[in-house]
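Have a look at the structure below, then the notes.
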Amino acid sequence: MSATYKRTLVTSALPYANGPLHIGHLAGCYLPSDIYVRYKRSKGEDVLFICGSDEHGAAIPIRAKIEGTTPKEIVDKYHKIMGDAFKEFGISFDVYSRTSKPIHHETASDFFKVMYDKGGFTEEVTEQYYDEEAKQFLSDRFIIGTCPKCGNPNAYGDQCEKCGSTLNATDLINPKSTLSGSKPVLKLTKNWFLPLDKLQPKIQAYLDQHKDWKANVTGQCKSWLDSGDGLQPRAMTRDLDWGVPVPVEGAEGKVLYVWFDAPIGYISATKELRPNDWELYWKDKETRLIHFIGKDNIVFHCIIFPAMLMEHGEFIVPDNVPANEFMNLEGNKISTSKNWAVWLHEYLIDFKDRQDDLRYMLCANAPETKDNDFTWKDFQTRTDSELVSVFGNFVNRVLVLTNKNHDGIVPEASEYTKSDLLILEELRKFPDVIADSIEKFRFREALAEVMNLARLGNKYLADTEPWKLIKTDEKRVRTIMNIATQIATNLAIVCEPFLPFTSEKLFKMLNISPLRWAHAKNTNNIHAGHKISGKIDYLFTKFEDAQIQAQIDKLEQSKKNNVTITIPESKPETSFDDFSKMDIRTGTILEAERVPKTDKLLKLKIDVGIDTRTVVSGIAEWYKPEDIIGQRVSVLVNLAPRKIKGIESQGMILMASNAAGELSFVNSTKPDFNNGSEIK
RNA sequence: GGUGAGGUAGCUCAGUUGGUUAGAGCAUCGGAUUCAUAACCCGAAGGUCAGGAGUUCAAAUCUCCUUCUCACUACCA
């Protein structure tokens with residue numbers, strides 16, 4: 001299929017510039033794309049590799065506000081950290097751009113304009129809050145007010161973090177702008193929507209043409225198309241001042257939705273790289289467009305972006321989106337906020353010049369078909385017993401024998417035995433086998449084949465025993481060592497996409513310039529009489545137990561530290577009057593049972609002194625019903641009753657919540673306090 | 001609860017459209033060997049393919065049910 005294409009455009013998901021990169025990013029997206037691109041380049045194919053930082057979206061100004069700095073400082077900081085980490089790990093982007101660049105603003109803006117002029121959007125006018133002092137519309141996150149449901153005075157416009165309910169900013173009582181503190185006013189605002197509902201048949205047809213996509217990818221697309229009412233219109237503009245301004249009259253103070261502008265970043269980065277012929281890569285039917293992403297991005301790359309490209313009209317659409325699943329770490333989900341991660345910039349310090357060891361592990365154990373687990377112990381085992389013992393050892397045996405018996409000069413092959421010819425035949429097969437796996441995006445399989453080539457070499461040496469024969473039949477040994485050296489040379493070629501640093505090192509030790517993929521089919525890449533480097537170094541070394549243990553300890557530590565990391569800021573001042581409106585009493589749980597068909601809810605019967613009442617509470621994740629009978633609790637008793645899952649809840653239990661989101665009962669510490677005692 | 005993806009050897013994972021005796025690496029055990037980083041090479045053992053029912057000459061693979069894990073989503077007063 002790829003034979004009909006003249007060139008390939010490969011993109012990697014634009015990482016969001018509000019935090020550093022970890023091994024999950026590498027394993028899920030950047031490493032596979034890099035392997036793919038390096039392989040294509042080695043084959044001499046026309047390929048571009050595009051990436052950059054995603055620097056827009058509401059999360060960045062919010063983070064800036066929290067850290068007391070500007071959005072620009074945030075994105076500058078992380079753009080550098082991420083770009084450096086990619087470079088250090090050999091992720092060989094042809095361009096690493098960023099969406100804050102003028103060229104991107106211009107490209108995204110034009111893209112929107114073209115779609116707009118064609119009537120590609122529907123307009124919808126809604127009432128949104130506007131801050132008259134700051135002179136801008138407020139996105140939901142910038143408004144706080146009293147939650148209409150639980151009375152929490154600090155609910156955000158999109159969600160009340162106290163009761164968890166999803167809100168509209170207009171639902172809030174006493175809304176306040178977090179920008180100026182002033183009371184926002186309701187103003188009509190217009191936003192532009194991509195009518196995905198109307199585009200559904202087109203998207204369906206597009207997906208139907210790509211039955212060869214990975215199961216996890218098609219599965220998720222299907223669930224969007226088939227669920228409920230199918231696709232829904234989605235707003236492509238936001239009332240925000242951080243991003244690409246909407247290039248339409250009457251759109252002052254609006255920017256493009258971050259998910260509209262981010263994938264266009266692929267286009268603007270290509271423009272930046274190839275100002276003269278970028279269109280060849282985006283508009284020519286003979287270009288194959290491939291997006292490497294993690295599973296969290298599937299919907300945007302398989303549905304929304306293709307829809308945008310189709311509606312714009314001039315562009316080709318993605319031919320494949322080989323999304324990976326997630327990588328877990330030591331049995332737990334990787335989490336930036338919980339600091340449960342192996343950070344790339346830290347790995348580079350702790351394990352200097354050992355990028356290929358990590359590249360190897362993350363590819364050999366990549367989450368290609370399902371979520372996988374990374375453990376440090378496994379990492380140590382696999383590098384020790386595979387990279388060191390199989391790959392490195394084979395190369396070392398060849399080089400040491402050559403130096404010892406042949407003064408470092410590659411000996412000539414004279415007569416091939418039958419088994420020699422079989423080995424050479426095997427050797428010639430490897431590049432195609434490996435290539436076939438890479439073309440199918442099966443990188444772990446491809447890497448396993450690379451290792452099999454090293455195994456072939458080890459076996460050949462074990463079978464022919466040149467160190468014994470050297471005493472009796474030097475001529476035969478010369479042939480054997482010639483073949484062994486050819487194997488090592490071809491290994492240097494085929495390992496390059498996966499282990500670029502190792503490949504370079506190996507070519508240096510062989511004292512030849514790097515060869516390309518097509519050469520790997522030859523069995524005489526290194527000529528008799530060639531002098532290899534006198535300086536022989538191990539390609540890989542084992543990890544010390546202490547090094548590995550230190551990493552495990554570091555993670556354990558961050559688990560503990562994490563609890564104190566994020567303590568929520570104190571809320572605005574309140575009055576005693578407001579507080580004394582709350583009627584909080586001590587109580588005792590008499591009965592507890594799970595609410596059917598929910599994960600978190602327990603139905604409780606509580607004696608609060610005044611009466612015995614039913615309370616529904618979202619604590620099932622932390623407490624088992626049978627364990628909390630007789631538990632003393634604090635209950636807000638004058639909260640308006642509310643029906644939850646058909647059960648009327650008559651109050652609310654007070655819970656302490658720590659940084660990890662765990663809940664704990666709050667109660668009076670003297671056991672003989674009677675139910676119904678006031679808490680004030 | 002809804003949707004999607006999964007459950008295969010002690011561990012980490014392959015198994016393409018149903019087709020001989022279900023594979024690999026690591027770990028384990030035995031053998032051989034010393035050029036090599038206690039490395040390599042040969043061999044053995046190890047599986048009721050989550051459980052059950054069905055379709056078929058034939059099921060890890062297709063259908064249904066049950067169960068568990070993960071992601072998104074709903075539920076949180």
- Query: Between atom CG in A:Leu362 and atom P in B:rC13, what is the gap in whole Å?
  - Reply: 13 Å
- Item | A:Lys214 NZ to B:rG6 P, straight-line distance once rounded to whole Å | 10 Å
- Message: Taking only the C1' atom of each, what is the distance from B:rC26 to B:rC68 in whole angstrom?
- Response: 26 Å
- Starting at CG of A:Asp373 and ending at P of B:rG6, how long is that distance when rounded to a whole Å? 18 Å
- Residue whose closest nucleotide on RNA chain B lies nearer the 5' end, A:Asp378 versus A:Asn328: A:Asp378
- Query: For A:Asn405, which contact category applies under a 4.0 Å heavy-atom criterion: base, sugar-phosphate, or nothing?
  - Reply: nothing
- Message: Within the 3.5 Å criterion, strictly below it, is a donor on A:Gln486 or A:Asn490 matched to an acceptor on the partner's side chain?
- Response: no
- Base, sugar-phosphate, or nothing for A:Phe394, non-hydrogen atoms under 4.0 angstrom? nothing
- Query: Between B:rA9 and B:rG52, how far is it from one P atom to the other, in whole Å?
  - Reply: 16 Å
- Query: Say you pick atom C1' in B:rG15 and the same atom in B:rU8; how far apart are they, in whole Å?
  - Reply: 9 Å
- Quick one: look up who B:rC76 pairs with, Watson-Crick or G-U, both distances under 3.5 Å, and put none if it's unpaired. none
- State plainly whether the residues A:Lys475 and A:Asp473 are in salt-bridge range, i.e. N to O under 4.0 Å. no
- Is there a donor in the side chain of A:Asp356 and an acceptor in the side chain of A:Thr502, or the other way round, less than 3.5 Å apart? yes
- Query: Across all strands, who's sitting opposite B:rU37 as a Watson-Crick or G-U wobble pair, both distances under 3.5 Å?
  - Reply: none
- Using Watson-Crick or G-U wobble geometry with both distances below 3.5 Å, tell me the partner of B:rG4, or none. B:rC70
- Task: Take the angle between the ring planes of A:Phe292 and A:Phe443 and call it parallel below 30°, perpendicular above 60°, tilted in between.
- Result: tilted
- Which class fits the ring pair A:His291 and A:Phe305: parallel under 30°, tilted 30 to 60°, perpendicular over 60°? tilted
- Query: A:Lys404 near the nucleic acid: base, sugar-phosphate alone, or nothing, with a heavy-atom cut-off under 4.0 Å?
  - Reply: sugar-phosphate
- Message: Check the orientation of A:Phe543 and A:Phe379. Use parallel for under 30°, tilted for 30 to 60°, and perpendicular for over 60°.
- Response: tilted
- Item | Complementary nucleotide of B:rA53, counting Watson-Crick and G-U pairs under 3.5 Å | B:rU63
- Under 3.5 Å, is there a donor-acceptor pair between the A:Asn324 and A:Lys214 side chains? yes
- Across the strands shown, which category fits A:Ser617 at heavy-atom distances under 4.0 angstrom: base, sugar-phosphate, nothing? sugar-phosphate
- Item | Short side-chain N/O contact to B:rU12 OP1/OP2 from A:Asn372, under 4.0 Å | no
Just the atom pairs and distances: protein N or O near nucleotides 39-43 of chain B's N or O, under 3.5 Å.
residue	atom	partner	partner atom	Å
B:rA39	OP1	A:Lys542	NZ	3.0
B:rA39	O2'	A:Ser389	O	3.1
B:rA39	O2'	A:Asn393	ND2	2.8
B:rC40	O2'	A:Arg397	NH1	2.7
B:rC42	OP1	A:Lys459	NZ	3.4

- Atom CD1 of A:Ile303 and atom P of B:rU3: how far apart are they, to the nearest Å? 17 Å
- Message: For the P atoms, the ones on B:rC57 and on B:rU12, what distance do you get once it is rounded to whole angstrom?
- Response: 39 Å
- Rounded to whole Å, the CD-P distance (A:Glu445 to B:rG15) equals 8 Å
- Please state the P separation for the pair B:rC29 and B:rC70 - nearest whole angstrom. 34 Å
- Query: Can you check the A:Ile480 CD1 to B:rC35 P distance for me, whole Å?
  - Reply: 15 Å
- Message: Tell me the interatomic distance from A:Lys295, atom NZ, to B:rC72, atom C1', rounded to whole angstroms.
- Response: 9 Å
- Using the C1' atoms only, state how far B:rA60 lies from B:rU48, rounded to an integer number of Å. 12 Å
- Query: Is there a Watson-Crick or G-U wobble partner for B:rA58 with both distances under 3.5 Å, and which nucleotide is it?
  - Reply: none
- Just checking A:Val299: base, sugar-phosphate only, or nothing, at a heavy-atom cut-off of under 4.0 Å? nothing
- Message: Between B:rA39 and B:rU17, how many Å separate the two C1' atoms, rounded to a whole number?
- Response: 43 Å
- Counterpart base for B:rC26, defined by Watson-Crick or G-U wobble contacts under 3.5 Å: B:rG10
Determine all donor-acceptor pairs shorter than 3.5 Å in which one atom belongs to a side chain in residues 453-466 of chain A; sequence neighbours excluded.
residue	atom	partner	partner atom	Å
A:Arg455	NH1	A:Asn452	OD1	3.3
A:Asn458	OD1	A:Arg397	NH1	2.8
A:Asn458	ND2	A:Val390	O	3.1
A:Lys459	NZ	A:Asp463	OD2	3.3
A:Tyr460	OH	A:Asp420	OD1	2.8
A:Thr464	OG1	A:Tyr460	O	2.7

- Message: Please determine whether a side-chain nitrogen of the Lys or Arg among A:Glu412 and A:Arg478 lies less than 4.0 Å from a carboxylate oxygen of the Asp or Glu.
- Response: yes
- Within this structure, what is the CD-to-C1' distance between A:Glu386 and B:rC11, rounded to whole angstrom? 13 Å
- Task: Sort out the partner of B:rU20 for me: Watson-Crick or G-U wobble, both distances under 3.5 Å, none otherwise.
- Result: none
- Query: Rounding to the closest angstrom, what is the interatomic distance between B:rG51 and B:rA22 at atom P?
  - Reply: 16 Å
